[in-house]
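Counting convention: from 1, in listed order, for ligands and their atoms alike.
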Amino acid sequence: MDRAIEGNKKRPIRGSITVPGDKSITHRAIILNSIARGESKIRYFLDGLDCRNTLLCMQALGANIEKASPFLLKIKGKGLDGLKVPENVLDVGNSGTTMRLLSGLLAGQNFCSVLDGDDSIRKRPMKRIILPLSLMNGQIKGLYHTNFAPLNIIGKSLQGIDYTLPVASAQVKSAILLAGLYAKGETVIREKQTTRDHTERMLALMKANIQSFPDDQKIRLIPGKELKSIDIDIPGDISSAAYFIAAGCVREGSEIIIRNVGINPTRTGFLEVLKEMGANIQMLNQKDISNEPRADILIKGALLKGIQIDKKIIANIIDELPLVAVIATLAQGRTIVKDAQELRVKESDRIKAIVEGLSRMGANIIENNDGFEISGPTGLSGNSVNSFGDHRIAMSLAVAASYAEGKTVIRETECIDISYPDFMPTYQKIME
Ligand code: S3P
């Protein structure tokens, strides 16, 4: 579905909004409570396509999950050994998180399974999980090519490992932790860059024997203990809030408050980068619920300047980098993003996609192997642009369109339902 957006850069935007529940935390809450002991309620879960696929896969594996209301899931945990062999191929759709986390979960079961997904997922690298899971004695193979989905998983008795992550990936880390729950002996994971730590936080709440050593960037999991079901209140997704933060932060006279957004420090790279660019952002009403910090985020329009972004913060801002590109076109001076080659293996090649989209809208942007460079400010002008079926590109281009002169038509916007089904209604409410 194509979507036409009329730009209105001059019009300040004001208002108070909420954003849907965090995608990463929703996946983990569903998976971990399904293999825990007891009953749990998950409030404000994200009802987007990716998390629905996790839910359906877990149900196909025998999990007892009920959608009690649009905001509430009820789960009766099966315990670590309560899953059953699925009758069909497990379809993860577009969701890399589902594919990689479930690979870890399934590697240590006493049955075989097959994980598959859409065309995008079949192109995404799976060697990064096949390798460590194989070192744990797991047996996982790509059916048609060696390292790509569909993945055939033959459940095995696993061994713990001591593993240094070669790529900064929370999905890989979480896959190993899930496998580690079923392994003999302890699992140690070492990170060179800290990645989102929702799995570790939730496992700790569920009384798993897990410890994080932030100074050594190391996590240790000792298996053998059942997980205890827990009720989880999911905060708003900072990656979804980011679109409205971006829509307000460079717009004169704007003032937006986004309530109850997750501000886990492994996810706030976007806020740190914007503040360094000169943005006016405040956190109000900070609190901790379900072991995840959250706050109301207040954004006021300001003049921004370009900056350099590299390895130190990339893992912390990975999903927001297309939006950084959009904002950099409006900021004074040069913005350089490097060490971000991971963007090329997301739902689309996000470097190519955002460079193409913003170039078509008149931005001064250069593509590099590991990122991009932008000189600003440039006046954006509406054009026809491609989302490449990638939800984050579609929404980033919608933000760019709001700052552009004239009409922008974004192609294939149905992908937005993957992470933020209510994005367009919220956008219309606040922009018009
Ligand atoms: C996610 C981790 C990130 C992120 C993705 C969600 C997760 O991927 O890009 O949207 O929930 O663990 P990587 O860990 O592979 O970088």
*What is the closest protein heavy atom to atom 12 (O) of ligand 1, and at what distance does it sit?*
R28 NH2, 2.6 Å
*Report the C-alpha distance between M424 and T413 in whole Å, list the side-chain angles of each, state the deciding distance to 0.1 Å, and finish with yes or no for side-chain contact (heavy atoms from CB on, under 4.5 Å).*
CA-CA 10 Å; M424 273 329 290; T413 54; over 6 Å; no
*Do you know the tightest heavy-atom contact between S239 and D319?*
OG-CB, 4.2 Å
_Pairs of nitrogen or oxygen atoms closer than 3.5 Å, one from Q171 and one from ligand 1: do any exist?_
yes
*Report yes if K346 has an N/O atom closer than 3.5 Å to an N/O atom of ligand 1; otherwise report no.*
yes
_Does any part of the side chain of R124, heavy atoms only, come nearer than 4.5 Å to the side chain of V345, both counted from C-beta?_
no
*For the pair F244 and F423, name the ring-plane relationship: parallel under 30°, tilted 30 to 60°, perpendicular over 60°.*
tilted
*H198 side chain reached by M202 side chain, heavy atoms, under 4.5 Å*: no
*What's the shortest heavy-atom distance between V172 and L165, and which atoms?*
CG1-CD2, 3.7 Å
*Compute the shortest N/O to N/O distance between S24 and ligand 1 and return yes if it is under 3.5 Å, no if not.*
yes
*Report, in ascending order of atom number, the atoms of ligand 1 lying under 4.0 Å from any heavy atom of D319.*
4 (C), 5 (C), 9 (O), 10 (O)
*For A170, atoms of ligand 1 separated by under 4.0 Å from a heavy atom*: 12 (O), 14 (O)
_Heavy-atom nearest neighbour in the protein, as seen from atom 15 (O) of ligand 1, with distance rounded to 0.1 Å_ = S169 OG, 3.0 Å
*Using distance alone, decide if ligand 1 has a nitrogen or oxygen within less than 3.5 Å of any nitrogen or oxygen in R128.*
no
*Start with the C-alpha distance between D233 and R43, add both sets of side-chain angles, then the distance that settles salt bridge (charged side-chain N to carboxylate O under 4.0 Å, His left out), and finish with yes or no.*
CA-CA 5 Å; D233 259 62; R43 290 189 195 82; 3.1 Å; yes
*asked:* Checking the N or O distance criterion of under 3.5 Å, is ligand 1 in contact with R196?
replied: no
*Can you find an N/O atom of I318 closer than 3.5 Å to an N/O atom of ligand 1?*
no
